[in-house]
Number of protein chains: 2
Amino acid sequence: MKASTLDMLRSELGAIVHTEDELLDARRHDYWAVSHLRDWRGAAPSRPGCVVQPSSVSDVQRTIRLANRDGIAVMPFGLGSGVCGGILPDDDVLLLDLSRLNRTREIDEVNLLASFDAGKNGLEAEHEVAAVGLTIGHWPQSIALSSVGGWISTRASGQFSTAYGNIEDIVYSIEAVLPNGELVQLGKAPRAAAGPDLRHVLMGAEGTLGVVTGVTLSLRRAPEERRFSAFYADSMRSGIEAQRRIVHADWRPPVMRQYDHPEVKRNFRDHVDGDSALLLMVHEGPRGRVAAELDDVGRIAVESGLRAANPVVCEEWMDRRNHVPTWRDFFEMGIVVDTIEISAPWSRIDAVYDDAIDSLRSIDGVVNASAHSSHAYRSGINLYFSFAARRDADQLEAAYFECWNAVMTATVRNGGGVAHHHGAGRLRKPWIESDLGSTGVELLRTLKSAIDPNGIMNPGNLIPD
Amino acid sequence: MKASTLDMLRSELGAIVHTEDELLDARRHDYWAVSHLRDWRGAAPSRPGCVVQPSSVSDVQRTIRLANRDGIAVMPFGLGSGVCGGILPDDDVLLLDLSRLNRTREIDEVNLLASFDAGKNGLEAEHEVAAVGLTIGHWPQSIALSSVGGWISTRASGQFSTAYGNIEDIVYSIEAVLPNGELVQLGKAPRAAAGPDLRHVLMGAEGTLGVVTGVTLSLRRAPEERRFSAFYADSMRSGIEAQRRIVHADWRPPVMRQYDHPEVKRNFRDHVDGDSALLLMVHEGPRGRVAAELDDVGRIAVESGLRAANPVVCEEWMDRRNHVPTWRDFFEMGIVVDTIEISAPWSRIDAVYDDAIDSLRSIDGVVNASAHSSHAYRSGINLYFSFAARRDADQLEAAYFECWNAVMTATVRNGGGVAHHHGAGRLRKPWIESDLGSTGVELLRTLKSAIDPNGIMNPGNLIPD
């Protein structure tokens, strides 16, 4: 960043502008495996030109206005848990670090609403509402590492989504600063038919259309009852068919997760049964409904050919579910790993699974190719692929992109959607057109040009060039 | 419309361009009460310059490309059931009548998806999916008069929304022609985090951002069981509090409707109990869940001070629920009537109700001011006000706008959202800013200018000038 630009920012914004080495280093990327791999291999570090740490919404407005006036690239940063390369600053970039904009604004127990600054840590937010008997009901695996504003910007999903919905079903209103520095408050009422729902312009924009500064979430009361169930399926296919029947019978257990056999062996070694897949469910809600759900879902599972497993496996999953390994542990073993989530209609998901797994296994060095499902809908289901590839250190990045290419290509080839819930970032950008079509991409570009005419917001992210 | 423009359209588009008097007359407005009042009073009819009736998506594209090239105003028209003045053409307008674009494209029983042309009649669509054991689950009162594309364009709600959601929860994908003539297919997967959800750009745009040409809906299997319950409440307030507790206990009966005492007298005369309000519920789903719901909801209602009513009243409502009176019947009696739906958080809805009813009653000639609720959310609830005002014929229109102004002002003053589900049209345009804020309106204008730079799409509708 030019010294004159830094001088201007310091002069206009004062002490919220930082250039200390330690902070610049800490903000040079998010949790994308490739960024960590490059670090580990000692690639020359690319760092932001400065880090601005606003502690108020007006700080954000002042920062954005200056950036817009002078054409400075801005990269909004929540708590850095993104895994798709949404944050990849270079020296020309002003990294807008929202981690100090982290107050709880209000918890409203009458309307079950809670308002937070965007930088609020997700797990802290959940703990605060839990203290008064409420729950956000949004449990991304990253909950302890991610911000409520990041949930909005990336269109996050949580582990309890099958009943409680994804972030778009939980958000009530969004406060954001647009690239022109104006503050918008999108969403006012329980429901509205007052033009397009403008919350969706910011939701999923991954910092390319503005900066989310505040979020109001629509909460739930903590459930009266929680029960578990688990079933073995002879194949992923038969388990997915059981899930389809359960959802189509209008049951929505908050958690429905189905692991293929390699993942059962890896994650639930005490519960391996032949080469079966394993379906876990968590049932929550009013006691009578949970009892009815357990009965009916169990009946449907058995009628679909599944066999009961020990439900204690669900409790084991609950205990360990948010353990996230560090990439570096794998690099040290000569392995690169990642996860790739996609979704597809029920009729296409088996083909996506088979094709993606086969494609991964054909890649040189792949030592694991597996998947589980974790979010079910009336129209279809997601899959969350995991891969591990062992190669020489200088070939790990190539292996990584070969694996991604394999799963993306298999998904597109079989009619799936390329991104279920991690967002797109720079990683999925080449495949966005498969979801949106060329005219959809053009519409997205039209929005971008109109809302951010100077192109200051996270340039290079998400939107195909 | 200039003769040269008409000649050009006829020459380029051929027989789909119509100027027959009967058709121009039939397409001169939608179902807005004021348009009907002006007709009844013999105001000089304003008619579209021509009616174009496409029978294919490419017809729509050709039409829009010509309109965009020559700056011709286009007003998309579904089946004309709108009640907010979304359709108000004059001689310069090309009215794009989608009623012949009405095929069923596919009913997919595996993924529970059904695709229709935008002009498909809603009730016909429901009957076709019902024939294979499915339901759209979307029951606007206008279902027999409205199109599936109209549901999208106006962000419609149905009577079973409390469990099954509003149209945004039912839509899977939207096909639309943008003002530049390009065709977009928005929505591909069961769920996506691939940038902003662009379906929401078209949903609720009321013809101002493009033309919806096709819709794919996410269906349900017909429920196993349907049961009814009904309760008296001493006041609207106590009944609404019971509804809040029911929803916050995580019960979502598909239908929850609560009528104030004047509406009980008017609509359910065999079920009047003192001056009580009346809460009706329809419970649907798997048999065991319906039984649990009846038990628990009944317990919560009684604990909230409600008294059981005869559930047969729900069946009476089911039978008569889609009877829509003709405005003219009332005009002939010297009365103008209308309905106004709004929503508000639970903590504000009582104040909105009291203030709106008081405000209506203070208006000269008002002979009815009443309301019922019909859609409940975790965060709040809607109200559907009805008014009737008796005045001399030349004062009925003034009375109409005084009543609307009273309810809109009371809603805004008490923190509600001005539009729950009928859309905004030209009628609510003056109050849109209360929902979106001035910067939100500016954002909407930015989208409009970017997507429709020549301003051809339904000019004057929805977006404040």
Side-chain angles (χ1 to χ4, degrees), chain A residues 110-113 154-155 166 172 182-186 188-198 200-201 203-205 218 221 248-250 285-286 288-289 292 295-296 343-347 377-380 416-424 432 435 437 439-440 443-444 446 450-451 462, chain B residues 110-113 154-155 166 172 182-186 188-198 200-201 203-205 218 220-221 248-250 285-286 288-289 292 295-296 343 345-347 377-380 416-424 432 435 437 439-440 443-444 446 450-451 462:
Chain A
V110 175
N111 302 304
L112 304 195
L113 295 172
T154 60
R155 288 179 58 82
N166 300 305
Y172 184 82
E182 294 293 303
L183 189 69
V184 287
Q185 180 74 44
L186 304 173
K188 176 179 180 183
R191 199 263 173 178
D197 184 347
L198 297 176
H200 282 274
V201 173
M203 227 182 316
S218 172
R221 296 211 165 279
H248 287 183
D250 204 20
R289 190 180 73 202
D295 277 359
D296 219 24
S343 76
W346 296 105
S347 61
Y377 305 87
R378 296 196 297 280
S379 56
V418 296
H420 180 268
H421 67 270
H422 282 167
I432 288 288
D435 266 28
T439 52
L443 175 57
L444 185 55
T446 299
I451 295 172
L462 176 65
Chain B
V110 175
N111 302 303
L112 304 195
L113 296 172
T154 60
R155 285 179 60 81
N166 300 304
Y172 183 83
E182 293 294 303
L183 189 70
V184 288
Q185 179 73 44
L186 305 172
K188 176 179 179 182
R191 199 262 174 179
D197 184 347
L198 297 175
H200 282 275
V201 173
M203 227 183 315
S218 172
R220 301 170 173 276
R221 296 212 165 278
H248 287 183
D250 204 20
R289 190 180 74 203
D295 277 359
D296 219 23
S343 76
W346 296 105
S347 62
Y377 305 88
R378 297 196 298 277
S379 57
V418 297
H420 180 269
H421 67 270
H422 282 167
I432 287 289
D435 265 28
T439 51
L443 176 57
L444 186 54
T446 299
I451 297 171
L462 177 65

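Labels below follow one simple rule: chain letters A, B, ... track the order of the sequence lines, proteins then strands, and each chain is numbered from 1.
No other option in A:D197, A:I432, A:L444 has as many heavy-atom pairs under 4.5 Å with chain B as A:D197. Between chain A and the options B:G204, B:P190, B:G195, the largest number of non-hydrogen pairs under 4.5 Å is found for B:P190. The choice from A:G288, A:A292, A:S379, A:A189 that makes the most heavy-atom pairs within less than 4.5 Å of chain B is A:S379. Contact count versus chain B (heavy atoms, under 4.5 Å) is highest, among A:G380, A:A192, A:A424, A:G417, for A:A192. In terms of heavy-atom pairs under 4.5 angstrom with chain B, the leader among A:M203, A:H420, A:E182, A:H421 is A:H420. Note on B:Q185, B:H248, B:R378, B:R221: by heavy-atom pairs under 4.5 Å with chain A, the leading option is B:R378.
A distance-only check finds no donor-acceptor pair linking the side chain of B:T446 to the backbone of A:A450 [under 3.5 Å]. Between the side chain of B:T439 and the backbone N or O of A:L183 there is at least one donor-acceptor pair closer than 3.5 Å. In terms of modelled atom types and a separation under 3.5 Å, the side chain of A:S343 and the main chain of B:R191 share a donor-acceptor contact.
With rounding to the nearest 0.5 Å, the separation of OG in A:S347 from CG in B:N111 is 3.5 Å.
A:A344 touches chain B through its backbone: at least one of N, CA, C or O sits under 4.5 Å from a heavy atom, while the side chain does not. Heavy atoms of B:D295 lying under 4.5 Å from chain A are absent altogether. If you measure heavy-atom distances from B:S218 to chain A, the contacts under 4.5 Å come from both the backbone and the side chain. Contact annotation for B:A249: only backbone heavy atoms (N, CA, C, O) come within less than 4.5 Å of a heavy atom of chain A. The part of A:T154 that comes within reach of chain B is its backbone (N, CA, C, O), which places non-hydrogen atoms under 4.5 angstrom from that chain.
What you find for A:D435 and B:A194 is that their closest heavy atoms are OD2-CB, 3.8 Å.
Two residues are said to be in side-chain contact when any heavy atoms from C-beta on lie closer than 4.5 Å; A:L443 and B:P196 fail this criterion.
Between B:D250 and A:R289, at least one side-chain nitrogen of the basic residue sits less than 4.0 Å from a carboxylate oxygen of the acidic one, meeting the salt-bridge criterion.
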